[in-house]
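Structure record follows, encoded as structure tokens.
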Amino acid sequence: MKMEDGAPLYGALKSRAERSAARFHMPGHKGKVPGGFDAFALDFTELEDTGNLYLDSDGEGPIRQAEQSFARACGARHSFFLTGGSTMGMHAALASVCRPGDRVLLDRACHRCVISACVLLDLRPEYLYPELLPVFGVPAGVSSAALEEKLKSIALPKAFVMTSPTYCGVLSDISAISHICGKYGVSLIVDEAHGAHLPFITQRPCAAALGADISVMSAHKTLPALGQSAVINSSGRINSSQIRRNMAIFGTSSPSYAIMASLDFARLSMECRGRELYKQAAAAARRITDGVNRRGVFRALDGSGLFGKDDCRVCVCTGAGGLSGRRAAEILENEHGIACEMADERNVVFIVTGNDTPEELSALDAALEALESLFAGESLEFETRVPQTDAEMTPREAFFSEIEEAELASSLGRISGQIIALFPPGIPIIAPGERIDEKMLSFLKTMGYNVKSNIQVIKKPL
């Protein structure tokens, strides 16, 4: 019997790895094993010469030295390795800034892990709702003017949590936003999970170097690093011992040394030949984006009218040409060997990294052009605003209330006991404690969410 026959998950992954499809999705290494990196051979534990992730020993041991090298590469004062992804980092960051009961202002385009942190830490969220970009219907990033207007109208929160770059690659002006936060005495935490590559290929350092108190990167999304590898970057304004203590609370007591080593290896590879390979891939991605827009059947997000755009994130609105993103993704993989990162009712998203070859990038360009020749119709309709509602309970109160299951489509007027998010990218449409209304259901239907599925709602009193 073959090993894969008796190990279903191993077999499924092995089968997937053996396909010839080009991987335009995370992880950033794209399955191309870097020379000399053997995860099993490097899978050690805390030994005398391997160091300890959670011990507060500044500058001592290989882990601290590797973290310091990463901080220099990103422009941060301090970096802290994570083996539980950006979710672990965002939880530790909020715990380092806030106390139970604190009010926080959240970019509603935040990842669901931020709402989970509100449950765990008993935080009281208010939301800054993003504008949606025309045609694409994706969040347009955070405006410093909109942030200041919001801060003037509410009781000041302890922290503001935002996402930049967004899942589709939209960048916000972190320097301007950090200035507004400083003006009102609000800590700034930036989820830059999708931007770990940017300090290496642009002149833009990490958000913690641009004024944020803390920023969090998912290295595995865009760098040649193993899944779950991530980094907290700090400006130095938050006590480092506090950050490391909170990492230990939210992380495993057996952090993977192979994951940490892959962070160190990825940083070094980017500082060597990887940086140039990534820049070449970014230039190819720009050409793909420009080609889609020049041909004019579909639309590709190019940063027009935005503060900034990550060139390596290719977001194509096939809905502009009458083709759903999900159908486009099926055709691209089944007929052209192109595996995308995400597809929804309007868009297809591709992650480009330095591990994508020129041949793979040319194949993506040709496949999109072939798709255009088959489909050109009326633009599909889409929701223009993220639905807004008032919370009836805090996320923690709702999550720990007595709940029951009900069909989402039949839950109008009920209070949600869970996060309902479009995944990927993991942006919450309904948070625990919010009352489900028609606007929410309409938005979810339009985005292709299965409203016939069961969800957890607060149990009705007898």
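Owing to the predicted nature of the structure, the values given are computational and were not obtained by experimental measurement.
In the displayed structure, Lys158 atom NZ is contacted under 6.0 Å by at most 12 heavy atoms of other residues, nucleotides or ligands. Within 6.0 Å of the CZ atom in Phe24, the count of heavy atoms belonging to other residues, nucleotides or ligands exceeds 12. Counted within 6.0 Å of CD on Glu149, heavy atoms from surrounding residues, nucleotides or ligands total 12 or fewer; the atom is thus considered open. Applying the 6.0 Å contact sphere to CG of Asn450 captures more than 12 heavy atoms from other residues, nucleotides or ligands. Within 6.0 Å of CZ on Arg124 lie more than 12 heavy atoms contributed by other residues, nucleotides or ligands.
Asp213 and Ser235 share no side-chain donor-acceptor pair at under 3.5 Å. A donor-acceptor pair shorter than 3.5 Å cannot be found between the side chains of Ser234 and His78. Side-chain atoms of Asp302 and Ser304 include a donor-acceptor pair closer than 3.5 Å. Side-chain atoms of His91 and Asn246 include no donor-acceptor pair closer than 3.5 Å. Donor-acceptor pairing under 3.5 Å is lacking for the side chains of Glu67 and Ser79. For Arg244 and Ser241, the side-chain atoms include no donor-acceptor pair closer than 3.5 Å.
The residues Glu333 and Arg326 are annotated as not salt-bridged, no charged nitrogen and carboxylate oxygen being separated by less than 4.0 angstrom. For Lys279 and Glu276, the salt-bridge test fails: no basic side-chain N is under 4.0 Å from an acidic carboxylate O. Electrostatic pairing of Asp290 and Arg287 does not count as a salt bridge here, judged by no charged N lying under 4.0 Å from a carboxylate O.
Taking the ring centroids of Tyr257 and Phe44, they lie at or beyond the 6.0 Å cut-off.
Of all heavy-atom pairs spanning Cys312 and Ala282, the tightest one is SG-CB, 3.6 Å. Nearest approach of Phe136 to Ala300, heavy atoms of both residues: CZ-C, 3.4 Å.
Considering Lys221, His111, Arg313 as possible partners of His194, the one that fulfils the side-chain hydrogen bond (donor to acceptor under 3.5 Å, both in side chains) test is Arg313.
Contact annotation: the side chain of Ile430 never approaches that of Gln418 to less than 4.5 Å [non-hydrogen atoms, C-beta and beyond]. Side-chain contact between Cys317 and Arg346: present, with at least one pair of heavy atoms (C-beta onward) separated by less than 4.5 Å. Contact of the Lys30 side chain with the Asp356 side chain is registered, since non-hydrogen atoms from C-beta on lie closer than 4.5 Å. You'll find the side chain of Met217 reaches within 4.5 Å of the side chain of Cys74, heavy atoms only.
Judged by the 6.0 Å distance and 45° axis criteria, Arg108 is positioned over the aromatic ring of Tyr127.
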